[in-house]
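Read the numbers this way: they start at 1 and go in the same order the structure lists the ligands and their atoms.
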Amino acid sequence: MSRDVKVKKGLSKHLLEMKFMKLSRDRIQKEEEEEACKALFYNQISDEMKSSSSKFILETSWVICEGLKCGRRSFKGMNPVIERILEMENNDKCTVKKVKEEDVDITAVEMAKIYQQESTLIETVGKKFKNPKFNSSSNKRRKFMKPLEEEEMKNIVNSYWIILNKINVCLFFVAIIMNEIKQENSTTSWEAVPHDIMVPVPIKIHSPVILDHSLPMAHGQLPVPQTPHNISSMGNFVEPELSAELIQHGWRKFWSKRENRPYFWNKLTGESLWEMPSLKHAFDPVTDPLGICAGGASVNGSTPHNDTLSLKRRSSEEVVENPVIKKFILSGPWDLEIPTNVIIFERSPTILAHPHPEVESLRCSLTAKLRQCYQELCHSRKNIDAPEDSFDRWLMERKTVDTGSDPLLPSQCYPEVSLSMYKEIMNDIPMKLEKPKFTGDARKQLSKYAEAAKKVIDSRNVSSESRKVVKWNCEDTFQWLRKTVGATYDDFQERLAHLRTQCQPHLTEAVKESIEGICLKIYHLSSEYAKKVRDKQSEIYKEQGITEPLTPASALTTRKVWCYPVQFAAPCPRLPAIDYMVEKDMISLRYNKIDTVCIHTQYMQKLEQLYRYNCFDDRKFELFLPRVWALLKRYSTFQGKNQLFQSSLSLTVMECLNRCFGVTFECFASPLNCYFRQFCSAFPDTDAYFGSRGMLSDLKAVSGSFEANPPYCEELMDSMVTLFEKLLSESIEPLSFIVTIPEVRDPAPSAILRLESSPYKKKQVVVPAFEHEYRNGFQHNVNKADVNIRSKNGLLVVWLQNPPGFQRWGPTEDRVEALLEAFRPGKERERDKQELLSPSRINNNLSNTTQLQNKLELEKSVTDP
Ligand code: SAH
């Protein structure tokens with residue numbers, strides 16, 4: 001509009017549109033736009049601004065920003081953190097009042113306790129981010145910090161809040177704050193939040209549980225040193241120094257700015273104390289795996305209640321003593337709260353190396369290469385694909401004889417040729433046979449077999465007699481095929497069986513050597529790869545100044561102890577960082593920017609809980625992610641494509657085995673598929689932190705009730721029966737093994753025959769095919785809908801027990817009935833539904849019953865371990 005007016009006032013519109021008038025036209029247009037702007041902002045632009053030379057106007061906008069209200073709201077203790085911020089805003093001061101305990105449903109102290117005992121993934125990740133290594137602004141651990149000025153603190157808190165709000169990661173913030181609440185119990189100011197994160201601050205919450213030494217204890221209930229009570233003013237504090245011996249045991253002195261006094265932190269065990277630590281109370285997971293002998297809370301010979309050290313008493317400690325501690329139970333297809341009833345002979349620590357992502361990455365890529373090489377050898381030499389699963393089975397079979405140093409790659413085996421690999425390849429010579437669907441397929445298969453057999457015998461150096469027999473039989477089959485009309489499916493199958501019987505011995509003779517050659521080649525390659533891995537391992541240890549133990553420590557075999565996780569002889573090297581990404585309910589862990597493994601959030605939480613219960617050298621979870629990465633990498637390499645090797649009994653069956661037969665231990669498991677928190681597994685090195693009691697072959701059980709669901713590997717199943725019979729023959733204490741094995745009878749593996757004829761067999765039942773379900777071996781990363789699978793095989797259940805075991809956990813009719821009922825398909829889903837309706841009821845009931853039952857049982861059974 002204004003433009004039209006202007007044009008009318010000056011030059012004519014037509015003139016302006018001419019080419020040579022471009023400059024004037026632009027100038028006029030600019031003037032018009034300026035005019036229009038002025039008209040728009042005439043009441044906002046002051047004369048001063050007009051006369052100013054700068055084109056930019058600077059406003060101190062922080063004043064306005066500070067006046068803004070926090071975008072989030074919380075009332076009545078719903079979110080104490082938000083309420084603190086609001087309160088801070090209202091008072092316009094840095095001090096924050098304590099959230100009133102009576103106003104909230106879950107008080108800060110309760111939250112602190114929950115986080116102390118069972119901090120979830122959030123806390124772990126929160127802790128991870130607290131770690132100076134992950135804090136980009138400070139790569140050095142700040143041990144002694146100056147108190148920050150109130151104003152400075154206010155600014156930090158404000159900027160923290162604004163930034164976090166914007167990027168929507170309040171989750172971590174809450175975790176960090178909750179952790180602080182945990183440490184402080186009744187925090188008195190914001191001060192603790194941003195800068196104390198990096199320093200481990202000692203606080204040990206009183207366990208309300210009265211220790212009964214005759215009972216198995218949850219590791220979460222270990223007697224731990226307490227923060228002392230009856231402490232006088234901090235001014236009287238006398239600063240003690242650490243002795244060389246204590247330093248050697250991992251103790252270091254730090255300064256708590258909050259309390260303005262030193263404290264002691266053990267970098268090996270993660271323990272922290274206000275007072276000078278005493279060596280005699282050091283927690284030794286090997287000689288005292290449950291910490292029972294470590295005694296209660298006595299420190300330096302004095303109980304926490306009469307400790308006369310002049311340290312300041314914290315009001316929070318009074319609250320901490322409140323006996324109402326909420327136990328966190330991580331719900332899922334497991335019950336990690338069931339304590340063990342298994343007593344074993346003490347073992348020496350393992351000389352296996354701690355898993356390291358760099359080493360694991362190499363090991364797994366070499367294993368993948370070996371798998372590929374196996375396929376290529378079968379293809380080029382035998383013109384067949386490598387038999388399905390035979391590489392995975394080979395890895396398991398080799399473990400029963402391997403005495404080498406690598407946990408995955410076989411390297412020291414006798415005999416070198418694996419019978420399992422040999423048999424599986426041989427079984428596919430001259431071709432792999434499959435059950436045909438239709439009569440036509442059966443006919444085709446017979447003809448193909450005859451052709452393949454002829455080809456094999458022609459291409460090999462065999463005796464003329466063998467050649468004659470095979471050729472004659474093949475020709476005979478061709479003739480039969482030509483002249484027979486209307487043969488049935490069964491006729492073709494029978495004819496094939498006949499041809500095989502005639503030819504197989506000669507074919508075996510013909511290919512024996514070259515198959516052995518394949519087995520040998522794979523084994524030697526594996527040994528070579530294992531050496532490469534070992535070299536890499538040694539290089540890392542050397543770099544970090546760690547001496548590798550070469551021989552196992554002298555065998556400790558006389559003391560009986562509650563079964564405890566595998567311990568390492570060497571200390572753990574520093575581990576590299578792992579990237580952590582969450583997408584929906586899946587978590588990806590990435591090492592070195594390319595090597596990614598995945599796991600469901602729920603299973604990550606399970607690992608976290610297992611780690612808390614079983615890992616003694618990383619109470620701060622600083623090594624948690626690299627260790628989880630190594631675990632997942634190992635299993636994804638070991639597992640191959642067949643989920644069956646990792647498939648497990650259903651949840652309801654496990655529950656029933658525990659309820660009716662006192663089972664508290666799985667003989668074959670992984671941290672991913674275990675139901676109990678104590679189990680044997682294939683990989684003591686990666687699994688030890690998560691509860692593994694070592695490989696089954698190393699189990700020296702004296703008493704307890706076990707479940708054994710082995711992967712289908714004949715040699716492994718066989719060695720299992722041998723071990724169980726040996727343990728049963730040696731123990732006079734209650735010992736029971738409930739074994740489940742697929743009912744295969746054509747032919748039956750020797751393990752089944754031996755189980756059936758064992759002198760310790762108390763009962764056997766068969767759960768028919770399709771009348772039970774199992775859990776998918778990839779349960780930790782498949783869709784929930786794919787977890788329960790109907791079994792195509794029958795399942796043989798056998799009870800092997802010694803007389804006291806039979807007396808305690810015998811297969812009475814009622815119990816067996818209950819077990820068969822638990823196997824019924826759909827049982828797990830029914831249970832899930834129930835749990836959905838009342839999660840807390842089920843969880844509480846479950847753990848209460850199992851705990852009570854175990855308590856009663858153990859009161860009856862246990863002699864001093
Ligand atoms: N714990 C489940 C699943 C068993 S699947 C259950 O009892 O139903 C078999 C498990 O045995 C797998 O996790 C496999 O990794 C593990 N395994 C393989 N070899 C083993 C060995 N030598 N000692 C102990 N566990 C082994």
*Asks:* Could you say whether the N/O atoms of Glu666 and ligand 1 ever approach to under 3.5 Å?
*Replies:* yes
*Asks:* What protein heavy atom sits nearest atom 16 (C) of ligand 1, and how far off is it?
*Replies:* Ala669 O, 3.8 Å
*Asks:* Against heavy atoms of Leu716, which atoms of ligand 1 measure under 4.0 Å?
*Replies:* 19 (N), 22 (N)
*Asks:* Between Tyr603 and Trp334, how do the two ring planes meet: parallel, tilted or perpendicular, split at 30° and 60°?
*Replies:*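 Plane angle over 60°, so perpendicular.
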*Asks:* Quick check on contacts: which atoms of ligand 1 are under 4.0 angstrom from a heavy atom of Leu696?
*Replies:*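 Checking each atom against Leu696, I get 23 (N), 24 (C).
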*Asks:* Numbering the atoms of ligand 1 from 1, which are under 4.0 Å from a heavy atom of Glu707?
*Replies:*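 So the atoms of ligand 1 that pass are 6 (C), 7 (O), 8 (O).
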*Asks:* Which atoms of ligand 1 have any heavy atom of Phe638 under 4.0 Å away?
*Replies:*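 Result: 15 (O).
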*Asks:* For Gln646 and ligand 1, answer yes if some heavy atom of the residue is under 4.0 Å from a ligand atom, otherwise no.
*Replies:* yes
*Asks:* Determine, for Lys700 against Glu346, whether the closest basic-nitrogen to carboxylate-oxygen distance falls under 4.0 angstrom.
*Replies:* no
*Asks:* Answer whether the closest heavy-atom distance between the side chains of Arg398 and Tyr523 falls below 4.5 Å.
*Replies:* yes
*Asks:* Please state which option from Ser647, Ser697, Pro711, Ser648 has its nearest heavy atom closest to atom 5 (S) of ligand 1.
*Replies:* Ser647
*Asks:* Considering distance alone, does some N or O of Leu649 sit under 3.5 Å from an N or O of ligand 1?
*Replies:* yes
*Asks:* Cys674 versus Lys606: any side-chain heavy-atom pair under 4.5 Å?
*Replies:* yes
*Asks:* For the residue pair Arg790 and Tyr774, confirm or rule out a side-chain donor-acceptor distance under 3.5 Å.
*Replies:* no
*Asks:* Between Tyr611 and Phe690, how do the two ring planes meet: parallel, tilted or perpendicular, split at 30° and 60°?
*Replies:*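 Tyr611 and Phe690: tilted rings.
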*Asks:* Sequence neighbours left out, what pairs pass salt bridge (charged side-chain N to carboxylate O under 4.0 Å, His left out) with at least one residue falling in residues 403-415?
*Replies:*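 Salt bridge (charged side-chain N to carboxylate O under 4.0 Å, His left out) check on residues 403-415 returns Arg363-Asp406.
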*Asks:* For ligand 1, which atoms have a heavy atom of Met654 less than 4.0 angstrom away?
*Replies:*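 This gives 6 (C), 7 (O), 8 (O) as the contact atoms.
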*Asks:* Going by the atom numbers of ligand 1, which of them fall below 4.0 Å from some non-hydrogen atom of Ser670?
*Replies:*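 What qualifies from ligand 1 is 13 (O).
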*Asks:* Relative to ligand 1, is Thr740 under 4.0 angstrom through side chain, backbone, both or neither, heavy atoms considered?
*Replies:* neither
*Asks:* Where the side chain of Arg754 meets the backbone of Asp718, is there a donor-acceptor pair that is under 3.5 Å apart?
*Replies:* yes
*Asks:* I'd like to check which ligand 1 atoms, numbered from 1 as shown, lie under 4.0 Å from a non-hydrogen atom of Phe645.
*Replies:* 5 (S), 9 (C), 12 (C)
*Asks:* Can you label the angle between the Phe638 ring and the Phe683 ring as parallel, tilted or perpendicular, going by 30° and 60°?
*Replies:* perpendicular
*Asks:* Any ring-ring contact (aromatic ring centres under 6.0 Å, His included) involving residues 701-724? Give me the pairs, sequence neighbours left out, ordered by first then second residue.
*Replies:* Phe665-Phe706, Phe706-Phe737, Phe724-Phe737
*Asks:* Can you find a non-hydrogen atom of Cys713 under 4.0 Å from ligand 1?
*Replies:* no
*Asks:* Could you label the plane-to-plane angle of the Trp394 and Phe391 rings as parallel, tilted or perpendicular, counting under 30° as parallel and over 60° as perpendicular?
*Replies:* tilted
*Asks:* Under 3.5 Å between any N/O of Asn709 and any N/O of ligand 1: does that happen in this structure?
*Replies:* yes
*Asks:* To which of Pro710, Ala682, Gly777 does the heavy atom nearest atom 17 (N) of ligand 1 belong?
*Replies:* Ala682
*Asks:* Among all protein heavy atoms in this structure, tell me which lies nearest to atom 24 (C) of ligand 1, with the distance rounded to 0.1 Å.
*Replies:*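 The protein heavy atom lying closest is Ser681 C, 3.3 Å.
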*Asks:* Among all protein non-hydrogen atoms, which one is nearest to atom 4 (C) of ligand 1, and what is the separation to 0.1 Å?
*Replies:*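 For this ligand atom, the closest protein heavy atom is Phe668 O, 3.3 Å.
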